[in-house]
Amino acid sequence: MIIKSTPYQNLLLAFLYVGVSFTLTTTLLENLPSDYGAYYAYSMFFNEDYTLYNQAFDHKGPAYYYFIKVIGNLFGWGSYSLFLPFFFTVLLFLYSNFFFFKTLHKNRDKIFILSVACIATLSFQSGNGSIAFFQIACILFHIGFLIKFLNTSTFYNYIFSIIFFLLAFFTRIDSSIFVLLILFHILFLTNDIKVKIRCIITILILSYIFYILFSNYFDFDLNMFLNSNVIFNFIYPGAYDGNLLSRFHKPESIKIFFGSGVGLLFIVLLNQILSKKKFLNKKFYKNLQHKFVITLISSVFLVFIFILPITEQAHYVLNLQVGCLILCSVMLSLINIKKITIIPIFLVFMYSNFATTLFPTYKFITNYGCLNTLECKSLIDIRETIRDASNYDKVNVVYGNGWVNILSKKTPSISILNWPIIGDNKINKFYKSVNNFEKIIAVKNQTLWIEKSIYDKFKEEYDYLNINILNVQGIYYKVLLN
């Protein structure tokens with residue numbers, strides 16, 4: 001036994017989860033992640049005049065925005081309150097792992113090992129992974145409740161499973177692959193025809209309820225949702241380009257996978273499995289419990305979501321890491337990990353996490369308060385713009401990331417995500433067809449802040465506008481459109 005008492009194990013995990021969630025959250029101030037800035041700013045400023053997919057364009061679903069909205073309404077907006085949604089997102093992600101492992105295993109030492117291992121997935125991550133943390137958390141709750149339903153036949157577990165699937169689906173559209181898992185369960189793991197009918201009816205009713213709730217709250221229709229989440233993602237740069245082989249060429253992702261320690265744990269367990277002859281027998285796998293079949297399928301789907309985009313991002317690796325941790329949980333149900341390997345692997349987990357978060361945490365604590373005075377080092381390039389923006393009712397930044405709006409507490413009228421406005425390609429034309437950016441900037445005597453790096457291209461693209469530079473503010477030109 002690693003720790004003699006289960007309550008002590010759970011208490012230790014609670015402290016670890018809160019601690020690592022806090023340290024990762026402090027990295028927001030270090031790099032002002034653009035994705036999290038946009039998610040938070042949108043959630044902060046949504047109202048009847050600034051709605052999702054209309055003025056506020058994005059190719060993600062509404063669920064994570066609602067999550068941030070709830071936390072913001074509870075604890076306040078802006079200043080240091082902006083860290084809380086990310087903190088609770090990471091905490092939810094970690095707890096979802098613990099919930100899943102506890103559903104799969106009865107051995108508390110194995111639950112503890114896997115629950116500590118999931119901390120390693122936070123290594124090398126930033127606020128840009130916030131929506132991936134939330135999506136994967138929902139997927140793990142979905143799988144966990146589905147396994148509980150298989151074990152107990154208590155139908156409310158199935159209802160919770162579908163609820164979390166829908167939350168994942170309305171977060172990112174690639175979660176739709178788990179529809180196959182739901183169908184597999186109904187077709188092959190459910191024998192009672194009445195239960196099958198109840199499952200199908202539950203899915204249809206809950207899907208309709210979720211769509212109605214989200215569409216009414218955020219004021220969008222089905223066409224807007226499909227345009228933004230399906231069609232746009234099919235023409236997204238790099239999303240579906242290239243051949244199949246190129247999707248496996250992700251050297252930076254592999255470095256993160258092994259550098260975090262998750263890859264090391266996976267290889268050690270796989271080696272133990274392959275060294276035992278009985279696990280090489282096909283008959284052994286034919287007799288696997290249904291919960292392990294569900295788990296294996298889920299891990300394949302998560303790895304598929306990692307492989308799908310051709311581009312590399314640190315937060316894409318989360319799907320690979322969690323998918324392999326799920327496989328590790330299956331392997332640990334079949335074998336016992338050698339104690340001699342636990343401590344070195346745990347040291348890699350801790351080192352990889354602390355190496356990427358301790359210094360930002362130190363700077364966060366020693367410079368606490370700099371966000372209110374705008375003296376933080378990360379704000380140097382936008383400090384002047386934030387102060388100037390506070391004098392305006394509406395603040396529109398071209399090629400911004402939401403941070404100017406958040407820290408000046410000024411609502412935008414154009415989409416914060418407006419990078420597709422320049423160019424002559426499919427994505428540029430599609431963006432202009434679904435967003436009212438050009439209509440808004442056509443208003444006379446309007447002030448814009450344009451990032452310097454794209455100013456010349458912007459001026460060339462919108463040559464029908466009379467653009468006058470008023471002054472230079474860090475990385476932005478402040479301009480007047482006549």
Nearest 0.5 Å, what's the [atom1]-[atom2] distance between [X] and [Y]?
X: Ile256; Y: Gln313; atom1: CD1; atom2: CD; value: 9.5 Å
X: Leu183; Y: Cys199; atom1: CG; atom2: SG; value: 11.0 Å
X: Tyr316; Y: Ile305; atom1: OH; atom2: CD1; value: 12.0 Å
X: Ser161; Y: Ile203; atom1: OG; atom2: CD1; value: 8.5 Å
X: Arg387; Y: Gln473; atom1: CZ; atom2: CD; value: 11.5 Å
X: Lys478; Y: Thr385; atom1: NZ; atom2: OG1; value: 9.0 Å

Any luck finding a side-chain donor-acceptor pair between [X] and [Y] under 3.5 Å?
X: Thr89; Y: Tyr64; answer: yes
X: Asp174; Y: Gln135; answer: yes
X: Ser352; Y: Ser260; answer: no
X: Asn396; Y: Gln446; answer: yes
X: Tyr42; Y: Ser415; answer: yes
X: Asn157; Y: Thr152; answer: yes
X: Asn128; Y: His315; answer: no

Would a 4.5 Å heavy-atom cut-off, applied to side chains only, mark [X] and [Y] as touching?
X: Tyr477; Y: Val472; result: yes
X: Asn54; Y: Asp219; result: no
X: Tyr40; Y: Phe86; result: no

Applied to residues 460-475, the salt bridge (charged side-chain N to carboxylate O under 4.0 Å, His left out) test, sequence neighbours excluded, yields Lys432-Glu461
Can you classify the ring geometry of [X] versus [Y] as parallel (below 30°), tilted (30 to 60°) or perpendicular (above 60°)?
X: Trp403; Y: Tyr36; answer: tilted
X: Phe178; Y: His142; answer: perpendicular
X: Tyr462; Y: Phe458; answer: tilted
X: Phe141; Y: Tyr95; answer: tilted
X: Phe170; Y: Phe214; answer: tilted
X: Phe220; Y: Tyr53; answer: perpendicular
X: Tyr80; Y: Phe364; answer: perpendicular
X: Phe57; Y: Tyr431; answer: perpendicular
X: Tyr158; Y: Phe149; answer: tilted

Residues at least two apart in sequence or cross-chain that pass ring-ring contact (aromatic ring centres under 6.0 Å, His included) with Phe133, listed by chain then number, are Phe93
Does [X] have more than 12 heavy atoms from other residues, nucleotides or ligands lying within 6.0 Å of its [atom1]?
X: Lys102; atom1: NZ; answer: no
X: Lys457; atom1: NZ; answer: no
X: Lys409; atom1: NZ; answer: no
X: Asp393; atom1: CG; answer: no

What are the two closest non-hydrogen atoms of [X] and [Y], and how far apart are they?
X: Leu302; Y: Ile326; result: CD1-CD1, 3.5 Å
X: Leu371; Y: Ser79; result: CD2-O, 3.4 Å
X: Ile414; Y: Val397; result: CD1-O, 3.9 Å
X: Ile131; Y: Tyr39; result: CG2-OH, 3.4 Å
X: Leu325; Y: Cys118; result: CD1-CA, 3.6 Å
X: Pro360; Y: Thr26; result: C-OG1, 3.8 Å

So the disulfide (SG to SG under 2.5 Å) pairs with at least one residue in residues 374-469 (sequence neighbours excluded) are Cys370-Cys376
(Q) Could you walk me through whether Glu438 and Lys429 satisfy the salt bridge (charged side-chain N to carboxylate O under 4.0 Å, His left out) test, starting with their C-alpha distance in whole Å, then the side-chain angles of each, then the deciding distance to 0.1 Å, before giving a yes or no? (A) CA-CA 12 Å; Glu438 292 185 326; Lys429 293 175 181 177; over 6 Å; no
